[in-house]
Amino acid sequence: MCGIVGYIGPDRAAPILIEGLRKLEYRGYDSAGLAVHDGRALELIRAVGKLDNLSRAIAGRKLEGTMGIGHTRWATHGRPSEPNAHPHLAGDVAVVHNGIIENHLELKRELERDGVRFQSDTDTEIVAHLINRAVAGGAALLDAVRSALGRTRGAYALAVASSKEPDRIVVAKNASPLVIGLADGATLCGSDIPALLAHTRKMLFMEDNELAELTRDGVRLETLAGERVKRAPRHIDWSPVQAEKGGYKHFMLKEIFEQPRAIEDTLRGRILLAEGDLVDAEFGLDPETARGIERVYFIACGTSYHAALAGRHWIEQLARVPAQCELASEVRHREPVFTSKDLVVAVSQSGETADTLAALKTAREQGARTLALANVVDSAIPRAAHGALYTHAGPEIGVASTKCFTTQLAAMLLLAVYIGRRRGSLSVEKGRQILQALVELPNEMRSTLERKDSVWEVARRWQHADHMLFLGRGLGFPIALEGALKLKEISYAHAEGYAAGEMKHGPIALIDEHMPVVVVMPHDAHYEKTLGNLQEVRARDGRVIAIATDGDEEAKKLAEHVLYVPNVPDAVMPLVTVLPLQLLAYYIADLKGTDVDQPRNLAKTVTVE
Ligand code: AGP
């Protein structure tokens with residue numbers, strides 16, 4: 001996720017911007033840049049890769065200016081490259097941006113008709129040109145930014161500088177974070193508190209649809225509509241480490257709570273709700289291919305494999321195409337058969353997993369159409385595939401995947417709708433219902449996460465359990481697998497996920513009064529049968545922790561603990577039922593005192609076989 005820093009004050013801006021950007025490195029990035037006003041014009045320096053590359057590019061240049069803006073870019077539109085790195089310059093104006101401009105394609109066409117030649121593939125450059133067009137027409141920078149934002153839809157945190165106005169930076173916010181820091185004779189802005197802590201603890205938090213003008217004397221805050229806003233700054237007393245985790249104890253916990261926002265970002269700009277349909281350009285798969293495929297074949301590892309199991313379910317149910325799901329480490333060492341009528345979807349948050357990459361290459365060599373479903377733009381798997389469908393979870397630091405899993409689920413559900421609509425197997429009305437459920441999902445996830453205290457109580461009760469069984473059916477099965485994986489990864493307890501219907505074929509032998517059994521039993525088509533499995537566990541004195549839908553009295557009667565989730569439509573239910581399981585694993589691990597973010601023996605990106 002991108003990072004923004006801005007500085008206007010008495011000191012040289014460049015080193016302050018670089019240090020601020022270093023504090024935002026945890027957000028992840030693939031290129032960086034800054035623009036500093038040298039008293040005459042804006043000087044622009046950008047570099048691909050780590051901040052050290054930017055520092056090297058700056059070394060030897062004078063850069064005495066005391067006003068500037070800086071950026072670390074985490075690619076969404078366009079690969080990581082110097083032209084795509086921020087700031088983007090258009091005439092007199094330099095812009096850094098965090099977020100996604102949804103209507104960038106139509107604005108780009110309009111600007112091209114006006115003779116604009118674009119230097120990058122980014123949506124941000126469009127904003128720079130819109131602002132510059134207003135500045136060239138005589139508008140002051142603040143008004144120019146306001147008028148440009150009147151044309152855009154989407155999420156943004158922006159910092160804008162103009163060579164014509166060396167004594168101000170204009171910033172704006174909608175849906176992406178932006179904080180203003182007030183110091184003596186200097187004003188700063190940043191995507192997060194740590195970028196500013198070295199200079200001030202007096203912070204002003206911008207709200208959505210606000211604009212601000214930063215000068216050396218302070219800040220003037222307004223709404224996008226032009227009304228003056230008076231808001232008192234807050235004193236921040238966090239330690240720098242706490243600040244990078246946004247006040248959360250671990251990155252994993254922060255990422256669990258970021259999930260509603262991550263889903264919003266993954267859906268943004270893709271949905272055509274009225275048509276019950278999706279935007280073609282967003283799927284890495286042209287409509288004709290989607291119509292012609294005869295099989296969808298998912299390949300993945302670990303948590304991504306669990307997401308792919310749900311993907312298989314949705315592809316069969318909504319697109320009515322035969323679907324298969326395989327562990328990449330298995331399929332690559334068999335002699336798999338792929339055909340030109342196969343769509344092979346390689347699912348990987350990192351986009352670098354060696355087994356998944358190798359299996360994808362095999363499929364492509366055999367003539368299959370390949371699609372990468374990844375979180376990291378331009379990583380190896382998207383580069384090796386014909387097309388890419390990106391999740392927009394932002395960087396995930398905790399080794400245990402959480403927000404990447406739920407955004408993979410959301411992207412797969414979109415993919416099933418996309419294929420289903422193009423093949424005519426999914427009606428407009430049904431497509432609309434599913435997309436509506438997805439649009440409403442982030443708020444349902446927020447309300448589920450607010451119930452964290454009841455999960456903590458269960459964690460406290462079972463923190464010493466050495467074994468735990470997780471059961472589920474239908475879409476509850478991948479969630480049971482994922483709940484078990486999360487627990488074993490970070491708490492080192494032995495946990496197994498099982499299809500509930502398989503219990504009587506073996507695992508039932510394990511059940512006794514010492515065995516906690518988590519039963520994922522939302523009120524869906526499989527409810528009655530899963531309830532039967534719960535009763536089988538109870539009949540053998542097993543201790544049941546049920547994940548059930550609000551209002552389920554039966555679960556309350558039979559289970560020792562019930563973790564309720566809101567009653568959302570079946571299609572999106574797994575994105576809700578997984579939340580208490582992520583929290584359960586987290587709280588048990590934290591109570592045990594394990595290294596939650598970097599569990600032993602595990603790596604975030606597995607580039608070895
Ligand atoms: C998830 O919590 C794990 N750390 C692990 O199973 C992971 O999902 C797996 O290694 C696959 O990674 P990928 O999504 O980056 O391909």
Side-chain angles (χ1 to χ4, degrees), residues 28 250-256 258-259 262 266 298-311 325-332 344-361 363 370-385 388-412 470 478-493 495-497 578-579 581-586 588-589 594-609:
H250 295 100
F251 281 111
M252 181 183 174
L253 189 60
K254 174 171 175 269
E255 287 156 6
I256 288 173
E258 277 174 353
Q259 289 178 103
T266 299
F298 291 98
I299 45 177
C301 302
T303 286
S304 295
Y305 173 71
H306 300 155
L309 287 171
C325 183
E326 297 274 352
L327 288 165
S329 54
E330 283 294 311
V331 78
R332 66 174 291 203
V344 173
V345 185
V347 187
S348 170
Q349 61 80 21
S350 64
E352 299 287 346
T353 302
D355 284 326
T356 311
L357 180 61
L360 171 84
K361 285 182 176 165
T370 55
L371 176 69
L373 201 161
N375 193 48
V376 180
V377 172
D378 220 34
S379 47
I381 290 172
R383 273 190 273 119
L389 166 55
Y390 287 111
T391 51
H392 294 304
E396 193 176 64
I397 314 284
V399 165
S401 189
T402 52
K403 62 178 181 169
C404 282
F405 176 67
T406 44
T407 52
Q408 284 170 343
L409 291 178
M412 269 184 235
F470 290 69
I479 298 307
L481 291 175
E482 179 58 10
L485 179 64
K486 286 287 88 82
L487 186 67
K488 74 182 105 174
E489 272 188 299
I490 59 169
S491 80
Y492 316 145
E496 273 194 76
V578 75
L579 302 178
L581 300 188
Q582 293 171 342
L583 285 169
L584 184 66
Y586 171 78
I588 289 180
T594 58
D595 187 346
V596 170
D597 285 332
Q598 311 236 290
R600 68 186 182 201
N601 308 337
L602 291 176
K604 185 72 189 160
T605 304
V606 185
T607 50
V608 291
E609 288 186 17

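Counting starts at 1 for both ligands and their atoms, following the listed order.
- Counting only heavy atoms from C-beta outward, the side chains of Arg600 and Asp595 never approach each other to under 4.5 Å.
- Ring centers of His306 and Phe405: at least 6.0 Å apart, outside the cut-off.
- Residue Gln408 has no nitrogen or oxygen atom sitting less than 3.5 Å from a nitrogen or oxygen atom of ligand 1, judged on distance alone.
- If you check which protein heavy atom lies closest to atom 14 (O) of ligand 1, you get Ser304 OG, 2.5 Å.
- Residue-level proximity to ligand 1 for Glu352 is absent, since no heavy atom of it falls below 4.0 angstrom.
- The line from NZ of Lys254 to CD of Glu396 is 11.0 Å long, rounded to the nearest 0.5 Å.
- Checked by distance only, ligand 1 and Thr303 come closer than 3.5 Å through their nitrogen or oxygen atoms.
- Taking only nitrogen or oxygen atoms, main chain and side chain alike, Val347 does not reach within less than 3.5 Å of ligand 1.
- In terms of modelled atom types and a separation under 3.5 Å, the side chain of Asn375 and the main chain of Gly394 share a donor-acceptor contact.
- Of all protein heavy atoms, the one lying nearest to atom 3 (C) of ligand 1 is Glu489 OE2, 3.0 Å.
- Proximity of a side-chain donor or acceptor of Gln259 to a complementary backbone N or O of Ile256 within less than 3.5 Å is detected.
- Ranking the protein heavy atoms by distance from atom 16 (O) of ligand 1 puts Thr353 OG1, 2.4 Å first.
- Of all heavy-atom pairs between Ala310 and Pro478, the closest is N-CG, 4.0 Å.
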Evaluation steps, side-chain contact (heavy atoms from CB on, under 4.5 Å), between Leu581 and Lys486: CA-CA 8 Å; Leu581 300 188; Lys486 286 287 88 82; over 6 Å; no

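- With ligand atoms numbered from 1 in the order given, ligand 1 contributes 2 (O) to contacts under 4.0 Å with heavy atoms of Ala400.
- Closest approach of Val347 and Ala308 over heavy atoms only: CG2-CB, 4.2 Å.
- For ligand 1 and Ser348, the ligand atoms under 4.0 Å from any heavy atom of the residue are 13 (P), 14 (O), 15 (O), 16 (O).
- Residue-ligand proximity: Leu602 is placed with every non-hydrogen atom at 4.0 Å or more from ligand 1.
- Close contacts between ligand 1 and Val399 involve ligand atoms 2 (O), 4 (N) [criterion: under 4.0 Å to a heavy atom].
- Ile299 and Val344 make their closest contact through CD1-CG1, 3.8 Å (heavy atoms, listed as atom of the first residue, atom of the second, distance).
- Ser350 OG, 2.6 Å is the protein heavy atom nearest to atom 15 (O) of ligand 1.
- Listed by atom number, the atoms of ligand 1 under 4.0 Å from Ser401 heavy atoms are 1 (C), 2 (O).
- Here the protein heavy atom with the shortest distance to atom 11 (C) of ligand 1 is Cys301 O, 3.4 Å.
- Leu357 has its side chain out of reach of Glu352: every pair of non-hydrogen atoms, C-beta onward, lies at least 4.5 Å apart.
- Taking atom 10 (O) of ligand 1 as the reference point, the nearest protein heavy-atom neighbour is Val606 CG2, 3.8 Å.
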